[in-house]
Peer 1: 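The structure's right below; bear with me while I get my questions together.
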Amino acid sequence: MTLWQGRFGEEMAEVVSEFTVSAGFDRVLAVEDLDGSRAHVRGLGRSGILTEHEVEILLAALDQVGEEVAQGRFVFVPEDEDVHTAIERRVTELAGDVGAKLHTGRSRNDQVATDLRVWCRRRLIEAAADVVALQEVLLGRATDAGDAYLPGYTHMQRAQPVLLAHHLLAHAWALARDVDRLIATVERMDVSPLGAGALAGSSLPLDPDYVAETLGFHARFENSLDAVSDRDFVAEALFDIALLGVHLSRMGEEIVLWSTEEFGFCTLADAYATGSSMLPQKKNPDVAELARGKAGRLIGHLTGLLVTLKGLPLSYNRDLQEDKEPLIDAVQQVSVALRALAGLFATIEFHHDRMQAAADGSFAAAVDLAEYLVERGVPFRKAHALVGGLVRDSLERHVPLAELVQAHPDLGDAGAKLLEPGVAVSRRTTPGGAGAAAVAEQVERFTRRLDVDRTRLGVISGEEQPGPHAT
Ligand code: ARG
């Protein structure tokens, strides 16, 4: 049975049902659909459209459906086009005639927009908490890393030594921006569309402010056309997740490189690696590779939705149903990626000796020699040229740089000391720099930032609880 049999003389063609049905994926909105319906029923009661008794019957039926959903007992029937239809059908089975009043003053257009906002808000808060959990692991590993250092790279060429802690925290700070973005998106989407109806509001005395408050929203829509058309919040969520995915992909790529025999900077725990079906010796970084690979899919979801929205006339159009699969998939994929990477980083073994050998065995302290000369009055460009010449000499004549530095009248012993293991990194003392003192301060600042973000998340998840009317 469709929701519109009055107007139609024929059954829907099977292929139309196959083409338009969304119950296969929008069933994840069941909990939020029930929350939305409870608020709507209370609103109808408050406006006198439903009697107290009818409100009780409908709320009891909604609660029972809620239990069926929670226990995995809720049964969709083939005629259920979407989750909204399925729940209304079941409420009607349970509540009898009163069930026919559930949809009073409401359209699936404001209903789905409401459900999706509540769902999105909850899932983004969870995603942000997963990001914080990964940041905690990175912070822990940064603290464990002590004074270990490795070459920092630009253009994938060894550039200057940096503390391993500094490197790990670089990723953690990028993730802090993701948390910030997710929170901002949640705050911006905190507007209830319920009461907008199909597109124009209602002739019945509905109270959109009341239902907004009941659902824990900070505000109601300002314009009913916009309320049912707006999917900015989905696009923003997909952007936040895509960029988060990009950050995870960059972390993944480094682990792929670092775990090669060529780099040898780390070994993955067996539990976070995979083997080969043919090559017995292989240990593969599939988790890191998928962290890298999933970013493509997440970017695709954002692009797909933007193209769907582009050029859509006001107000609701069925195209908008295409918002759900990318959003649901993006949330699921990024959540598992975050948890898998947290496990990977918690258990990975870093080979400090290999990292340090790579940093020491390179020209990564060359700029320190130039800066040593600068401190003695040599203009930087001249100092740069002088040290560059020594590096060229060292390469062409196969003489260690330290020997050439030692022999140079302007550098001598003091210059050669700068090339000793660990010296260059210890000299990166400026705020936010890669040396031990700066990194110790950075660890403190990052720890504070994590505390602040945990509190912010606690506050918005508390606000997310339904308001005082939802007893
Ligand atoms: N499944 C639909 C969606 O996701 C629900 C709204 C249907 N509204 C309508 N007028 N057909 O958008």
Side-chain angles (χ1 to χ4, degrees), residues 1-8 10-37 39-40 65 69 74 76-92 102-123 189 191-202 211 215 221 224-235 237-238 301 304-332:
M1 185 198 76
T2 58
L3 298 172
W4 52 80
Q5 76 271 31
R7 164 76 173 74
F8 285 67
E10 270 185 337
E11 282 292 301
M12 180 188 274
E14 223 167 274
V15 67
V16 173
S17 148
E18 191 189 333
F19 191 47
T20 56
V21 69
S22 58
F25 51 86
D26 66 18
R27 60 183 62 204
V28 301
L29 302 176
V31 169
E32 288 71 24
D33 195 72
L34 289 163
D35 289 342
S37 286
H40 181 61
V65 176
V69 168
F74 186 83
F76 282 83
V77 302
E79 292 75 33
D80 292 335
E81 180 188 307
D82 52 27
V83 67
H84 326 292
T85 317
I87 289 179
E88 187 180 335
R89 171 197 45 81
R90 182 70 185 132
V91 166
T92 310
L102 174 63
H103 210 54
T104 312
R106 182 175 75 172
S107 157
R108 282 182 300 159
N109 300 352
D110 58 346
Q111 186 178 1
V112 71
T114 305
D115 295 1
L116 200 59
R117 276 180 194 258
V118 177
W119 186 88
C120 200
R121 198 168 63 174
R122 291 177 181 169
R123 300 296 91 81
M189 73 171 66
V191 176
S192 167
L194 194 55
L199 75 164
S202 178
V211 290
L215 276 169
F221 62 94
S224 61
L225 288 172
D226 184 41
V228 296
S229 312
D230 174 17
R231 293 295 183 275
D232 290 3
F233 68 100
V234 182
L238 287 176
H301 287 332
L305 180 78
L306 290 175
V307 177
T308 299
L309 297 179
K310 179 204 155 293
L312 271 193
L314 292 176
S315 62
Y316 179 85
N317 296 276
R318 191 62 179 268
D319 314 45
L320 292 178
Q321 180 168 293
E322 289 295 308
D323 60 0
K324 277 167 217 67
E325 282 163 294
L327 179 65
I328 295 164
D329 184 65
V331 164
Q332 281 168 352

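One-based numbering along the sequence shown. Computed from heavy atoms alone, side chains included, the values below leave out hydrogens, waters and symmetry copies. Remember, it's 1-based here, ligands and their atoms both numbered in the order they're listed.
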Peer 1: Of all the non-hydrogen atoms in the protein, which one sits nearest to atom 5 (C) of ligand 1, and at what distance?
Peer 2: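 Heavy-atom neighbour on the protein nearest atom 5 (C) of ligand 1: Asp82 OD2, 3.7 Å.
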Peer 1: Identify the closest protein heavy atom to atom 10 (N) of ligand 1: which residue and atom is it, and at what distance?
Peer 2: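 Going by distance alone, atom 10 (N) of ligand 1 is nearest to Asn109 OD1, 3.1 Å.
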Peer 1: Among Arg108, Arg27, Gln111, which residue meets the side-chain hydrogen bond (donor to acceptor under 3.5 Å, both in side chains) test with Asp82?
Peer 2: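 Answer to the side-chain hydrogen bond (donor to acceptor under 3.5 Å, both in side chains) test with Asp82 among Arg108, Arg27, Gln111: Arg108.
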Peer 1: Checking the N or O distance criterion of under 3.5 Å, is ligand 1 in contact with Glu81?
Peer 2: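 Such a contact does not occur with ligand 1.
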Peer 1: Write out the residue and atom name of the closest protein heavy atom to atom 2 (C) of ligand 1, then the distance separating them to 0.1 Å.
Peer 2: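 Looking at atom 2 (C) of ligand 1, the protein heavy atom closest to it is Gln321 OE1, 3.3 Å.
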Peer 1: Heavy atoms only, cut-off 4.0 Å: how does Asp323 contact ligand 1, side chain, backbone, both, or neither?
Peer 2: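 Asp323 to ligand 1: no contact under 4.0 Å from either part.
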Peer 1: Can you tell me which residue and heavy atom of the protein come closest to atom 7 (C) of ligand 1, and the distance to 0.1 Å?
Peer 2: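 Protein heavy atom with the smallest distance to atom 7 (C) of ligand 1: Tyr316 OH, 3.5 Å.
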Peer 1: Asp110 and Ser107: side-chain donor and acceptor closer than 3.5 Å?
Peer 2: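 No, no side-chain donor-acceptor pair sits under 3.5 Å.
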Peer 1: Looking only at distances, please establish whether an N/O atom of ligand 1 is found under 3.5 Å from an N/O atom of His84.
Peer 2: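 Among all N and O atoms of His84, none is under 3.5 Å from an N or O of ligand 1.
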Peer 1: Would the distance check show the side chain of His40 and the main-chain N or O of Thr104 forming a donor-acceptor pair, the cut-off being under 3.5 Å?
Peer 2: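 At least one qualifying donor-acceptor pair exists.
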Peer 1: Around atom 11 (N) of ligand 1, find the nearest protein heavy atom and jot down its residue, atom name and distance.
Peer 2: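 Result for atom 11 (N) of ligand 1: Arg108 NH2, 3.5 Å.
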Peer 1: Under the side-chain contact (heavy atoms from CB on, under 4.5 Å) rule, collect the residues that match up with Leu199, sequence neighbours excluded.
Peer 2: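 Testing Leu199 for side-chain contact (heavy atoms from CB on, under 4.5 Å), a comparison that skips the adjacent residues, returns Leu225, Val228, Ser315.
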Peer 1: Between Arg106 and Leu194, is there a donor-acceptor pair closer than 3.5 Å when you use the side chain of the first and the backbone of the second?
Peer 2: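 No, Arg106 side chain to Leu194 backbone: no donor-acceptor pair under 3.5 Å.
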Peer 1: Are the side chains of Val65 and Val91 in touch, meaning some heavy atoms are under 4.5 Å apart?
Peer 2: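 Sidechains of Val91 and Val65: in contact.
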Peer 1: Side chain, backbone, both or neither: which part of Gln111 has a heavy atom under 4.0 Å from ligand 1?
Peer 2: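 It is neither; nothing of Gln111 touches ligand 1.
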Peer 1: If the cut-off is 4.0 Å to any non-hydrogen atom of Arg318, which atoms of ligand 1 fall inside it?
Peer 2: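 The list of qualifying atoms is 11 (N).
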Peer 1: For Ser22, counting its heavy atoms only, list the atoms of ligand 1 lying under 4.0 Å from any of them.
Peer 2: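 Answer for ligand 1: 1 (N).
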Peer 1: Applying a heavy-atom cut-off of 4.0 Å, say which part of Lys324 lies close to ligand 1: side chain, backbone, both or neither.
Peer 2: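 Near ligand 1, Lys324 shows its side chain, while the N, CA, C and O stay back.
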Peer 1: Please report, to 0.1 Å, the donor-acceptor pairs under 3.5 Å made by any side chain of residues 12-20, with sequence neighbours excluded.
Peer 2:
| unit_1 | atom_1 | unit_2 | atom_2 | d |
| --- | --- | --- | --- | --- |
| Thr20 | OG1 | Val16 | O | 2.7 |

Peer 1: Can Lys324 and Glu32 be counted as an ion pair, charged N to O under 4.0 angstrom?
Peer 2: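 Salt bridge: no.
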